[in-house]
Colleague: 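Pasting in a structure now, in structure tokens, and then I'll have a few things to ask.
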Amino acid sequence: MDYIENISGDSARVALKGKFTFNDHDKFRGVIDMVKENGLRMLALDFDGVEFIDSAGLGMLLVAREEGKKHGTDVVLCNAKGQAEKMFRVSKFETLFNMQ
Amino acid sequence: MQLVAEQKQKEEGQSRQKSRYDAKILLVDDDLFCCTFIEGVLRSHGYGAVTVVNDGEAAIEATKKICPDIVLIDIVMPKVDGLEYCRWVRGIPEFERLPVIVQTAITRADYIKHAFDAGATDFIRKPVDVNELLSRTSIHIENQMLMRDLIQYQQRIHSELDKACETQRLIMPSEEVQQAITKKYNIDIAAHFQPSSELGGDFWGVENIDDDKMVLFNVDFSGHGVTAALNTFRLHTILKEANLQDKTAGEILMMLNSKICALLEVGAFATMFLAIIDRTSPVLLYASAGAPAALIISPDGNSNILDNAGIPLGVVEDAEYTDCRAAFHPDDVLITYSDALIETEDKSGMFLSEEAVCSCVTDTLHAMQYNKGENRHAVIVLDQLRKLLRVHKGEMPVEDDLTIAVFHRRP
């Protein structure tokens, strides 16, 4: 998985790309640090380029959600499609996150 | 605190030093003057356990007898020479890693290569330089000791993981338990559990509720390995202690969720499918916490992919789970599985779909209709599903834990 971040004011948009799995713990740590360090109001995670997410990937999103709650950041999941959209639906992530 | 730590470090240093000087050194040379000189140097620098022999044959005998920690051996000797000794020692598994330092007056690269090819670990030049002798001896003893510690550590971890793996298999229903369920509820069971490393984050199970009703479930914790496995033990304990009577499937999931929530770290969760079978009713009651969709396949070719949406266990304390119903008639087959079945890639990166799994089971049941005497539906369906995955993945590895449980309602 790779990502491109774009911070403007108190919002950030992170475009994720590729497969989001168990092997991406360290990389995604960088996204979670953004929540911790930047005092963001909103962090939008864009899944348009994500072709696959596994249970570890879902777990990392839950960690981001928890950090967001602590720091007053709304973590929003955007543009999920295909397998990622199905995973979010099956896990009822719409009840846990704002979805766009 | 710091003083205690420093003291401990000092003691550890001393004990390592002490054990280094306790190393058993075998010194082999036919030149008696040389032997006396090297032995004297080693002893005067604290090495207390030096055994001296004067030819290769005696060296082999001494090696077998004292199991040295390091060997210093001359190359040119009568009977068995130093290189022959090296070849012998490398042929004995027990001494595979024994450091053997050859002493040689000839230091040409091709000659030294010859010694390394024979199995020597290192060499020292003759005439012997005291500093070179001491530093090489010391470093190889140290390496040998570290290597030994590491091997022992690995063996211990390996054996502990083996035991943990055995224990994990014990939390799943034994053959006896499965047979008792078959007898009591007329449900035939076959299951496959394959962790991706020694331990897995999956488990499945069955529990009696009363004379008519039983519960079955399939759980998959996020991640795999030791952490996920510890969570399977936690949930298993909660399940064993729980009172399952007079609860719907959704209520059981709610109860498990509220208990496991307090025990899991943020980001860890479990997906779970749980169903209640009533032997007096053709309806299966079930609930899902985001588990892969369970399937019910009928012998007439109908297949039902069960609704599986639900917040995984361990995420939010007050999560609610919807109770669902599905027809489950005699001769129907219910299949629950972990996501590895439908999330393992073939060589072009494609996954098996639920539809492909259904169609494999439908074909299997269809073929079995012509074999009226056959009543091992669950085992046969399970075998075909494993074959389906095997053919699908080809040479690709299964990177997650895999559990498949098949339940056949006997007529």
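A note on names: the letters A, B, ... follow the listed sequences, proteins ahead of strands, and every chain is numbered from 1.
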Colleague: So which part of A:Ser91 gets closer than 4.5 Å to some heavy atom of chain B, the side chain, the backbone, both or neither?
Modeller: both

Colleague: How would you list, in number order, the residues of residues 265-275 of chain B that have a heavy atom less than 4.5 Å from chain A?
Modeller: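 Hits under 4.5 Å: B:Val266, B:Gly267, B:Phe269.
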
Colleague: Return the minimal non-hydrogen interatomic distance between B:Ser222 and A:Ser55, and the atom names on each side.
Modeller: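 In this case the closest contact between B:Ser222 and A:Ser55 is CA-OG, 3.7 Å.
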
Colleague: For atom CD1 of B:Ile157, decide whether the heavy atoms of other residues, nucleotides or ligands shown that lie under 6.0 angstrom number more than 12.
Modeller: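 Atom CD1 in B:Ile157 is packed in, count exceeds 12.
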
Colleague: Is it the case that more than 12 heavy atoms not belonging to B:Lys247 sit under 6.0 Å from its NZ atom?
Modeller: yes

Colleague: Below 4.5 Å, heavy-atom pairs only: which of B:Gly349, B:Gly290, B:Gly310, B:Ala289 has the largest tally toward chain A?
Modeller: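 Maximum pair count with chain A is reached by B:Gly310.
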
Colleague: If you tally heavy-atom pairs under 4.5 Å against chain A, which of B:Ser288, B:Pro312, B:Ala291 wins?
Modeller: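 Highest number of pairs under 4.5 Å: B:Pro312.
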
Colleague: Given heavy-atom pairs under 4.5 angstrom as the criterion, report whether the side chain, backbone, both or neither of A:Leu58 touches chain B.
Modeller: both

Colleague: With side chains defined as the heavy atoms from C-beta onward, is the minimum distance between A:Lys92 and B:Glu320 less than 4.5 Å?
Modeller: no

Colleague: Between A:Gln83 and chain B, with a heavy-atom cut-off of 4.5 Å, which part of the residue counts as in contact: side chain, backbone, both or neither?
Modeller: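 When you check distances to chain B, only side chain atoms of A:Gln83 fall under 4.5 Å.
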
Colleague: Answer yes or no: is there a side-chain heavy-atom contact under 4.5 Å between A:Phe52 and B:Glu345?
Modeller: no

Colleague: With a 4.5 angstrom heavy-atom cut-off, which part of B:Ala319 approaches chain A: side chain, backbone, both or neither?
Modeller: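 It is neither, since no heavy atom gets under 4.5 Å.
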
Colleague: What's the separation between atom CE in A:Met87 and atom CG in B:Asp339, rounded to the nearest 0.5 Å?
Modeller: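 Separation between the atoms: 6.0 Å.
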
Colleague: Which residue is it: A:Leu62, A:Thr95, A:Leu96? I am looking for the one with a side chain to side chain contact (heavy atoms under 4.5 Å, CB included) to B:Val316.
Modeller: A:Leu96

